[in-house]
Amino acid sequence: MLDFNFSTHQEISLEIGHRIRVRRIALNLTQPDVAERAGVAKGTVSNIETKGQSSLESLIRVLQALNLVQELQPLFQSPVRSIEQLRKLEAPTRKRASKKRIS
C-alpha cells in the first residue's frame with residue numbers, strides 16, 4: 001500500500017484510481033455499471049481508474065456508486081468539539097525570563 005505522506009500528487013491520484021478499480025471489481029461491477037449508477041460517462045470512470053483524473057464532483061459520484069463516500073467523512077472532522085477544547089489547544093503565551101540582578 002502506498003504511503004501518501006511520501007508520495008507525489010500524481011502517485012496519490014493513481015493509487016486512488018487503482019483502489020476504486022479494485023473496489024469495483026470486488027463488487028462485480030463493470031465500468032459502465034458504475035458510470036450508470038454514478039450518472040457519469042464510462043470514460044469518466046475509466047479516467048479515474050487509469051489516470052487518476054476527474055473532477056471532484058465526478059469522483060464523489062463514483063465513490064457514492066461504490067458505497068465509499070463514507071470514507072471521506074474523517075478527512076475533515078475537526079478534533080475540536082467545543083470552545084473549551086479550542087482554548088486548551090491554543091499555544092501558551094510566551095513569558096519573558098526574569099531579569100537577573102548583577103551585584
Side-chain angles (χ1 to χ4, degrees):
M1 186 179 293
L2 183 68
D3 185 345
F4 287 179
N5 289 315
F6 303 105
S7 304
T8 65
H9 71 277
Q10 293 98 340
E11 291 170 330
I12 294 169
S13 296
L14 288 171
E15 179 66 18
I16 290 171
H18 173 74
R19 291 180 189 186
I20 287 172
R21 180 177 185 273
V22 167
R23 174 65 174 214
R24 175 182 60 77
I25 292 169
L27 293 173
N28 200 28
L29 296 171
T30 64
Q31 286 182 346
D33 292 337
V34 173
E36 184 178 337
R37 286 181 177 196
V40 299
K42 182 223 169 253
T44 299
V45 177
S46 177
N47 282 340
I48 291 171
E49 290 183 2
T50 60
K51 298 177 185 175
Q53 296 176 347
S54 79
S55 70
L56 181 58
E57 180 180 348
S58 294
L59 177 63
I60 291 170
R61 286 174 175 249
V62 168
L63 292 175
Q64 287 174 321
L66 296 172
N67 298 317
L68 289 172
V69 76
Q70 72 280 359
E71 301 298 325
L72 298 175
Q73 185 102 22
L75 291 177
F76 302 105
Q77 286 182 339
S78 173
V80 177
R81 304 260 185 237
S82 69
I83 292 176
E84 185 59 34
Q85 286 179 330
L86 182 60
R87 285 186 186 127
K88 288 179 183 177
L89 291 175
E90 286 179 352
T93 56
R94 244 179 115 174
K95 296 181 181 178
R96 290 185 171 202
S98 59
K99 292 183 179 180
K100 293 183 181 179
R101 295 184 184 229
I102 302 175
S103 313

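If you're wondering where the values come from, they're calculated on a predicted model, not measured in any experiment. Because only heavy atoms are used, hydrogens play no part in the values below, and waters and symmetry mates are left out as well, while side chains stay in.
Pairing each heavy atom of T50 with each of L14, the nearest pair is O-CD2, 3.5 Å. The two residues E71 and L75 have their closest heavy-atom pair at O-CG, 4.5 Å.
A search for salt bridge (Lys or Arg N to Asp or Glu O under 4.0 Å) contacts involving R21 returns nothing, not counting sequence neighbours.
A 4.5 Å side-chain heavy-atom check between I60 and L72 finds at least one atom pair inside the cut-off. Taking 4.5 Å as the limit, some side-chain heavy atom of R61 sits within range of a side-chain heavy atom of E57.
Between the side chain of S7 and the main chain of D3, a donor-acceptor pair closer than 3.5 Å is present.
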Residues 33-45 side chain polar contacts: donor-acceptor under 3.5 Å, at least two apart:
from	atom 1	to	atom 2	distance (Å)
D33	OD1	T30	OG1	3.3
D33	OD2	T30	N	3.0
D33	OD2	T30	OG1	3.0
K42	NZ	Q31	OE1	3.3

key: Worked check of side chain to side chain contact (heavy atoms under 4.5 Å, CB included) between L66 and R24   = CA-CA 7 Å; L66 296 172; R24 175 182 60 77; 4.1 Å; yes
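Around CD of Q70, the count of heavy atoms belonging to other residues, nucleotides or ligands within 6.0 Å exceeds 12. Heavy-atom neighbours of N28 CG from other residues, nucleotides or ligands within 6.0 Å: at or below the threshold of 12.
The OG atom of S46 lies 7.5 Å from the NZ atom of K51; values are rounded to the nearest 0.5 Å. How far CG of N5 is from CD1 of I12: 8.0 Å, rounded to the nearest 0.5 Å.
The hydrophobic clustering, which links ILVMFWY residues whose side-chain heavy atoms are closer than 4.5 Å, places L27 and V62 together. Under the 4.5 Å side-chain contact rule for hydrophobic residues, I25 and L29 do not share a cluster.
Of the residues listed (I16, L63, I20), the one engaging I48 in a side-chain contact (heavy atoms from CB on, under 4.5 Å) is I20, and it is the only one.
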